Amino acid sequence: MVSINIYDKVTEIAKRRGFFWPSFEIYGGLSGFVTYGNLGTKLKRNIENAWREFFVRRQGFLELEAPIINASRVFEASGHLDHFKEHMVECTRCGRSFRADHLIEEKTGLENVEAMGGDAIRELLAEHEIRCPRCGGALKEPVMFLTMFQTTIGATGGEVGYARPEAAQGMFLNFRRGFQQAREKLPFALAQTGKVLRNEISPRRGMLRLREFTIMELELFFDPQEPSCPWFNEVSGEEVSLLTEEMEAEGEKTPLKVSLGEAVEAGHILTEWQAYFMGVSKRFISHLGVPPDRQRFRAHLPEERSHYSAQTYDHEVLLESWGWTEIAGHAYRTDYDLKAHQRGSGVDMTVLRPDGTRFIPHVVEPSFGLDRLLYVVLESSYQRRKKRDILALPRSLAPINVSVLPLVTKDGLSEKAAEVRELLLDAGLVVAYDESGSIGRRYARSDEVGTPLAVTIDYDTLENDTVTIRDRDSWSQVRQRIADLPGLLRRYLKGEIEFSELGSPV
RNA sequence: GCGGCCGUGGUCCAGCCUGGCAAGAUAUUGGCCUUCCAAGCCAACGACCCGGGUUCAAAUCCCGGCGGCCGCACCA
C-alpha cells in the first residue's frame, strides 16, 4: 500500500455522486459485491465501448453472448472443477489455515497432490501425521472450498450448474459456429463481455476484488504453424516494460525496456499474437488515462499460472493507492481448451489445412477486469485544484458530456438555457442542466463528476445568441454561437479538435 | 477463516474512556440575493450497523452477528 488516502477520497466521491457503492447496504452489506449508480453505469459502458474499439471493431472480430450459468459438464471438461477448489486445513490451536496439498508436498516431497483428490489428501494427512507448521497444533479435518458458485437447474432432480468464473468457455463451446461464421478462415477471434462469478474466500480492496464482476475477454484462434499476426507491424515498435519469467524467478525488480518486436525476437513473448494484444492493451490503457510509465507487463511463474496457460503476462498499472495492480491477463492458452472440449463432448474441434492435415487451433487471450478498470480510470483522473476535487476523465469516457448553466436565474436566462439544453439533447449529447446555487458552485459540481465542458448562458446570449464554453481542465473559456454548438461539441468529444478550436477566447 | 483497529444525518467527523436532551462541518432542498469559479443571509430535511444483555436510563458498558481497513492465509 502506498497511499490509502486517494482510495478513500475516490470511493467517497463515487458513493456520494453515484458512481458506485457497496451492494445490499440496507441489509448491512455483503462484501465482494458492488452496485453502480447513474454515473458509474454510464462510465462503465463508455469504457466497455472503448475496449470494443481497440480490440474488436477494427479487427473485424466476432462478438458473442453466452449464458452465465453453465452445465457442470462444461467445467468438468475445461478442468475448472478440478482446479477451482482448494482443500484447506485449519489448526485447532492457533486457528491458521493452510492448503492441505502444500503441507503434504512439503512433508513428503510428493508432487501435484491436489490432483489426487480429497480422499487421498485426507489419508496422506493422517498417514504422515501432519501438524500445524506454525505452532505444531493438531489440524482439523480438511475442508473443500469450491470457488465456483454452484446452483441447481430446474425444479426437482435438476442438473447441477455452475456460474462461469470466466467468459472464455463460451467462446470455446461455440468455436465451431464461430469458425463457420468467420467463413472457416483462421485467424479469427470471438469476443465477449459479461458478468462472471467467483466465490472469493475473502474479497478485499473494494472494486479490486469482487465476487461478481464484469470481464471483457477475447479468444484469438490461430494455426501454430502460421503464427504471424497481420497487424503486428502496427505495434512492434511500441516499447513496453517487461518482467519476464526468468526475471521473476531471479527476483529482478527492474523491468526490461524493450520493443514488442524485440521481445518476440528474443523469445520473451512466445507468440506474435500475444505481443500484438499486449501492444493494443498498452494503447487502450493509455487511452483510459494511465501514462505509459505507470504500466508494465509481469510474467507469471509456472506455479502461479492457470492450469490452461503456457505463458501469462499480467498487464499491471501503478496506482497511488495500492501500488502495482493487475488489470488484464494476456494468456497463451495453446490448444488446451478446445482439446479439452473435444475430449469432453466428442465434437471434432479440428481445422483442415490446405495441405490436408488437421489440427486443433491455438488460442491467445487478452482478458480485462472492467470493474478494476473503472476504479483505475477514476483514481488516475482524480485531481485536487484550489480546494476542489476534479475528475479529469478522458473526454470520450466522461458520463456526462456537457453542463448547461444559466449565469443567473432571472431576466429570462433560465428560459434561454433550457432552449440550449434542448438543442444539445437533440444532438444526442448527455446533458446536465443546473441552475441551483452560484455559478462557481455549479462549475465545481460539474468538475467533480468529470464533465469536460460547461456551456454558460449570460446576458450577451440574449443579445447575440452566443454562449461561453468552459474547459474543465484549464477553467478557461471561449465564446461560440449557439447554432454551431452541436457539431463542434461532438467533434471535441471525439477528440477531433482541441478546446481552443471551440470558439474565440473570452 | 484467524488476529488487530473501526462502524454516528447524503458525505466527513465530535461525543464513548467516566452511561443522563446527539454537537459541528459540508452537501442537498426551498426562499432572498447574485453579470463567471463551492460568496452571503433565512429556513427545511436528515444519523448512533443489526440483535440480545446489564441498568431507572445505553451512541457510550458486556455478548453475538454483519460490514470496512490492515496483517496472515487465499486470489486458479
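When reading the values below, keep in mind they use all heavy atoms of this one structure, side chains included, and skip hydrogens, waters and symmetry mates. From a predicted model like this one, the values you see are computed outputs, not experimental measurements. Chain naming here is simple, since letters A, B, ... match the order of the sequence lines and numbering starts at 1 in each.
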Any donor-acceptor pair under 3.5 Å from A:Gln480 side chain to A:Leu502 backbone
yes
Scan residues 363-376 of chain A for pairs that pass salt bridge (charged side-chain N to carboxylate O under 4.0 Å, His left out), counting only residues two or more places apart or in two chains.
A:Arg333-A:Glu365
Among residues at least two apart in sequence or on other chains, which ones pass side chain to side chain contact (heavy atoms under 4.5 Å, CB included) with A:Glu212?
A:Phe33, A:Lys195, A:Leu197
Ordered by number, residues from residues 329-344 of chain A within less than 4.0 Å of RNA chain B (heavy atoms) are none
What residues form a side chain to side chain donor-acceptor pair (under 3.5 Å) with A:Arg343, not counting sequence neighbours?
none
Pairs satisfying salt bridge (charged side-chain N to carboxylate O under 4.0 Å, His left out), at least one member in residues 375-386 of chain A, at least two apart
A:Arg384-A:Asp389
Answer yes or no on whether A:Arg16 is positioned over the face of A:Trp21, meaning its NZ or CZ is under 6.0 Å from the six-membered ring centre and within 45° of the axis.
no
Which whole number of Å gives the distance between the P atom of B:C45 and that of B:U29?
16 Å
Residues at least two apart in sequence or cross-chain that pass side chain to side chain donor-acceptor pair (under 3.5 Å) with A:Ser380, listed by chain then number, are none
Applying a 4.0 Å non-hydrogen cut-off, can you work out what A:Leu30 is touching in the nucleic acid: base, sugar-phosphate, or nothing?
sugar-phosphate
What is the distance, rounded to the nearest whole Å, between atom NZ of A:Lys9 and atom P of B:C12?
9 Å
Nearest to the side chain of A:Ser31 - B:G68, B:C12, B:C75?
B:G68
Write down the distance between CH2 (A:Trp322) and P (B:G71), rounded to a whole number of angstrom.
8 Å
Record whether the side chain of A:Ser436 comes under 3.5 Å of the base of B:U28 through a donor-acceptor pair of N or O atoms.
no
Rounded off to whole Å, could you give me the CZ-to-C1' distance for the A:Arg209 and B:C70 pair?
14 Å
Pairwise P distance, B:G19 and B:A43 [rounded to whole Å]
36 Å
Can you name the residues that form a side chain to side chain donor-acceptor pair (under 3.5 Å) with A:His315, not counting sequence neighbours?
A:Ser281, A:Gln295
Separation of the P atoms in B:C72 and B:G53, to the nearest angstrom:
40 Å
How far, in whole Å, is B:C16 from B:C5 if one measures between their C1' atoms?
16 Å
Whole angstrom is fine here: how far is it from CZ in A:Phe24 over to P in B:G68?
12 Å
Pairwise P distance, B:C6 and B:A25 [rounded to whole Å]
27 Å
Could you measure the distance from the CG atom of A:Leu489 to the CG atom of A:Asn401? Nearest 0.5 Å is fine.
8.5 Å
Who passes ring pair (Phe, Tyr, Trp, His ring centres under 6.0 Å) against A:Phe213, sequence neighbours left out?
none
A:Asp434 CG - B:U29 C1' separation (whole Å):
13 Å
Give a yes or no on this: more than 12 heavy atoms of other residues, nucleotides or ligands lie within 6.0 Å of atom CZ of A:Arg209.
yes
Non-neighbouring partners of A:Ala66 that pass side chain to side chain contact (heavy atoms under 4.5 Å, CB included), sequence neighbours left out
A:Arg164, A:Gln192
How does protein contact run along nucleotides 35-49 of chain B, one letter per nucleotide 5' to 3', with B for base contact, S for sugar-phosphate only, - for none, heavy atoms under 4.0 Å?
BBBBB----------
Sticking with atom C1', work out how far B:C21 lies from B:C69, rounded to a whole angstrom.
34 Å
Nucleotide B:U34, atom P - distance to CD of A:Glu435 in whole Å:
16 Å
Rounding to an integer number of angstrom, what distance separates B:G3 and B:C48 when you compare their C1' atoms?
27 Å
Taking CD from A:Glu12 and P from B:G10, how many angstroms apart are they, rounded to a whole number?
14 Å
Given a 3.5 Å cut-off on both pairing distances, which stems involving RNA chain B, each at least three consecutive Watson-Crick or G-U pairs, are present, if any?
B:1-7 with B:66-72, B:10-12 with B:24-26, B:28-32 with B:40-44, B:49-53 with B:61-65
When all nucleic acid strands are considered with a 4.0 Å heavy-atom cut-off, which category describes A:Pro165: base, sugar-phosphate, or nothing?
base
Could you pull out all residues at least two apart from A:Arg294 that satisfy salt bridge (charged side-chain N to carboxylate O under 4.0 Å, His left out)?
none
Say you pick atom C1' in B:C49 and the same atom in B:A58; how far apart are they, in whole Å?
16 Å
Calculate the interatomic distance between A:Met148 atom CE and B:C74 atom P; express it in whole Å.
20 Å
On RNA chain B, nearest-nucleotide positions of A:Thr147 versus A:Lys15: which is more 5'?
A:Lys15
